[in-house]
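Notes for the one structure printed next.
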Amino acid sequence: MEPHPASPPATPSGLLRRAALGLWFCGLAVLGLLRVLARALRDADFLADAPTRLWLYGSLGLLALGLPLTFRALRRGRTRR
């Protein structure tokens, strides 16, 4: 019978590793909001356009998902020290 393999080494738990998904969502949200801002600066009636509204609502939704995930990862990092 073969001996039980040793447990794998612990992976480093840096902020980027813990908060990767939240930061990804926040980054996509910022890019979407920049697109809406560019459209707003170009046209006066930018919210009348359905795709622009979708970009705005989608970006706000991604921000609403990303911020709690990022702050939760930050909080977990502080409590483990």
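All values below were derived from every heavy atom in this structure, side-chain atoms included, with hydrogens, water molecules and symmetry-related copies excluded. Nothing fancy with the numbering, it's 1 onward along the sequence.
- Surrounding CG of Leu41 are more than 12 heavy atoms belonging to other residues, nucleotides or ligands, all under 6.0 Å away.
- Of all non-hydrogen atoms in Thr52 and Val36, the two that sit nearest each other are O-CG2, 4.0 Å.
- In this structure the side chain of Leu62 never reaches within 4.5 angstrom of the side chain of Cys26, judged on heavy atoms.
- Taken together through direct or relayed side-chain contacts under 4.5 Å among Ile, Leu, Val, Met, Phe, Trp and Tyr, Leu37 and Leu31 form parts of separate hydrophobic clusters.
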Could you please spell out the steps behind the side-chain contact (heavy atoms from CB on, under 4.5 Å) verdict for Thr70 and Leu21? CA-CA 8 Å; Thr70 304; Leu21 187 62; over 6 Å; no
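- No path of Ile, Leu, Val, Met, Phe, Trp and Tyr side chains, each step under 4.5 Å between heavy atoms, connects Leu74 with Leu23, placing them in separate hydrophobic clusters.
- Here the CZ-CG distance, from Arg39 to Leu34, works out to 15.5 Å after rounding to the nearest 0.5 Å.
- For the pair Leu28 and Leu63, the minimum side-chain heavy-atom distance is 4.5 Å or more.
- The closest side-chain heavy-atom distance from Asp49 to Asp43 is not below 4.5 Å.
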